[in-house]
Enquirer: 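Have a look at the structure that comes next, please.
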Amino acid sequence: MRWWDLDPVLALERDLFPEDAWSPGMFWSELAHARGPLATRRYLVAELAAPPRTGVVEGPEPGDGRAGRIVGYGGLAAIDGTGDIQTIATARDQWGTGLGARLLTELLAAATDFECHEVLLEVRVDNIRAQRLYERFGFEPIGFRRGYYQPGNVDALVMRRPTQTSSEAPSVQGT
């Protein structure tokens, strides 16, 4: 994620989290820690790709506003060996496509790059779809943060996942 992505990311943020959307300042603050040799953050966006031109129209046409549209984003903070997924979201029309899993995979890879031994996250207690995704990736509930999401006063479920070391990573066999 770069500064020029912020307007579409903020629009998506407001659509998905109308009561507790991040402010522009929150994103700017995070991005300030995402570059350079002392970076402690990794932020990414997912964009719809323009379809190959085959003569058969199956996807977005150039200029229809969909190709290149930001449809997801995520961010990870890494401090003292602990990763914390700060945010992850996908556009509603991308739910069920695997985009959330791809974003989460990238964030977990970033945690490994930052040499984190565990990754934490908070998720709204009423967001069952996200909780199921995190459970599929090995996150386990470890507690609650009462009234974490404001102004709605919604509780957060805190989840934790140890990161894999190179000796624990699945082996890849090929020819």
Side-chain angles (χ1 to χ4, degrees), residues 1-2 5-31 33-34 40-49 66 69-114 116-164 168-170:
M1 182 184 301
R2 301 298 295 262
D5 297 319
L6 285 184
D7 285 342
V9 165
L10 286 165
L12 188 54
E13 175 84 1
R14 286 187 299 271
D15 176 54
L16 296 169
F17 310 110
E19 289 187 3
D20 50 13
W22 279 25
S23 68
M26 292 171 76
F27 277 105
W28 277 106
S29 178
E30 288 296 298
L31 290 180
H33 298 282
T40 58
R41 307 290 195 273
R42 170 80 196 277
Y43 277 78
L44 49 99
V45 296
E47 295 182 349
L48 280 182
R66 293 189 295 168
R69 176 175 64 103
I70 290 179
V71 293
Y73 57 90
L76 172 99
I79 298 172
D80 295 329
T82 298
D84 193 337
I85 294 179
Q86 301 290 296
T87 187
I88 185 169
T90 62
R92 294 177 201 279
D93 65 342
Q94 298 298 305
W95 291 359
T97 66
L99 178 58
R102 291 191 304 274
L103 289 167
L104 185 55
T105 297
E106 288 296 320
L107 294 175
L108 293 174
T112 300
D113 292 344
F114 281 122
C116 295
H117 60 276
E118 66 179 353
V119 179
L120 302 171
L121 60 81
E122 292 89 14
V123 58
R124 288 175 63 111
V125 294
D126 58 358
N127 191 344
I128 303 303
R129 175 189 300 267
Q131 290 174 35
R132 287 185 183 139
L133 170 67
Y134 303 141
E135 288 168 356
R136 283 197 319 266
F137 276 77
F139 283 87
E140 296 180 350
I142 60 169
F144 292 94
R145 295 189 195 274
R146 302 284 178 211
Y148 183 79
Y149 293 99
Q150 295 296 326
N153 204 37
V154 177
D155 295 344
L157 175 64
V158 181
M159 301 182 83
R160 177 187 175 275
R161 176 188 189 268
T163 55
Q164 290 181 329
E168 295 171 327

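Index from 1, following the sequence.
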Enquirer: Specify the closest pair of heavy atoms between Leu10 and Pro24, including all atoms of both residues, with the distance to one decimal.
Expert: CD1-CG, 3.7 Å
Enquirer: Over all heavy atoms of both residues, which pair between Asp84 and Leu121 is shortest? Give the atoms and the distance, please.
Expert: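 Looking at all heavy atoms of both residues, the shortest contact is OD1-CA, 4.1 Å.
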Enquirer: Is the CG atom of Asn153 crowded by more than 12 outside heavy atoms at less than 6.0 Å?
Expert: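 More than 12 heavy atoms, drawn from other residues, nucleotides or ligands, come within 6.0 Å of this atom.
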Enquirer: For Arg124 and Asp20: C-alpha separation, side-chain torsions, deciding distance, then whether side chain to side chain contact (heavy atoms under 4.5 Å, CB included) applies.
Expert: CA-CA 11 Å; Arg124 288 175 63 111; Asp20 50 13; 3.1 Å; yes
Enquirer: Quick one: does any side-chain atom of Thr105 pair with a main-chain N or O of Ala101 as donor and acceptor, under 3.5 Å?
Expert: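 Answer holds: yes.
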Enquirer: How about Leu6 and Leu31: do any of their side-chain heavy atoms sit closer than 4.5 Å?
Expert: yes
Enquirer: Measure the CZ-CG distance between Arg132 and Asn127 for me, rounded to the nearest 0.5 Å.
Expert: 10.5 Å
Enquirer: Distance check, rounded to the nearest 0.5 Å: Leu120 atom CG versus Leu76 atom CG?
Expert: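 Result: 10.0 Å between the selected atoms.
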Enquirer: Ala77 and Gln86: which non-hydrogen atoms are nearest, and at how many Å?
Expert: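 Smallest heavy-atom distance, with atoms named: CB-NE2, 3.7 Å.
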Enquirer: Using side-chain heavy atoms (C-beta onward) and a distance below 4.5 Å, is Val119 in contact with Arg160?
Expert: no
Enquirer: Any side-chain heavy-atom pair from Tyr73 and Glu13 closer than 4.5 angstrom?
Expert: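 They are in side-chain contact.
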Enquirer: Below 4.5 Å, heavy atoms only, C-beta onward: do Leu104 and Ile85 meet side chain to side chain?
Expert: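 When only atoms from C-beta onward are counted, Ile85 and Leu104 do touch, with a gap below 4.5 Å.
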Enquirer: Using modelled atom types and a 3.5 Å cut-off, is there a donor and acceptor pairing between side-chain atoms of Arg145 and backbone atoms of Glu122?
Expert: no
Enquirer: Under a 4.5 Å cut-off applied to non-hydrogen side-chain atoms, are Asp15 and Arg92 in contact?
Expert: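 A side-chain contact exists here, since the closest heavy-atom pair is under 4.5 Å.
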Enquirer: Do Val9 and Tyr43 touch side chain to side chain, with heavy atoms closer than 4.5 Å?
Expert: no
Enquirer: Measuring from atom CZ of Arg69 to atom CG of Asp93, what distance do you get when rounded to the nearest 0.5 angstrom?
Expert: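 Atom-to-atom, Arg69:CZ and Asp93:CG are 4.0 Å apart.
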Enquirer: What pair of heavy atoms forms the shortest contact from Pro8 to Asp5, and how long is it?
Expert: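 Nearest heavy atoms, Pro8 then Asp5: CD-O, 3.2 Å.
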Enquirer: Tell me whether His33 contacts the main-chain N or O of Arg41 through its side chain, where contact means a donor paired with an acceptor under 3.5 Å.
Expert: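 No; zero donor-acceptor contacts below 3.5 Å.
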Enquirer: How many angstroms lie between CZ in Arg161 and CD in Glu118, if you round to the nearest 0.5 Å?
Expert: 12.0 Å
Enquirer: Measure the spacing between CG of Asp126 and CD of Gln131 and express it to the nearest 0.5 Å.
Expert: 8.5 Å
Enquirer: Closest heavy-atom contact between Phe139 and Leu108?
Expert: CZ-CD2, 4.0 Å
Enquirer: Any salt bridge linking Asp113 with Arg42? Criterion: basic side-chain nitrogen under 4.0 Å from a carboxylate oxygen.
Expert: no
Enquirer: Roughly how far, to the nearest 0.5 Å, is the CZ atom of Phe17 from the CG atom of Leu12?
Expert: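 The distance works out to 8.0 Å.
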Enquirer: Any side-chain heavy atom of Leu107 within less than 4.5 Å of one from Leu44?
Expert: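 They are in side-chain contact.
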Enquirer: Is it the case that over 12 heavy atoms from other parts of the model lie below 6.0 angstrom from the CD atom of Gln150?
Expert: yes
Enquirer: Which heavy atom in Val125 sits nearest to a heavy atom in Leu157, and how many Å separate them?
Expert: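 Of all heavy-atom pairs spanning Val125 and Leu157, the closest is CG1-N, 3.9 Å.
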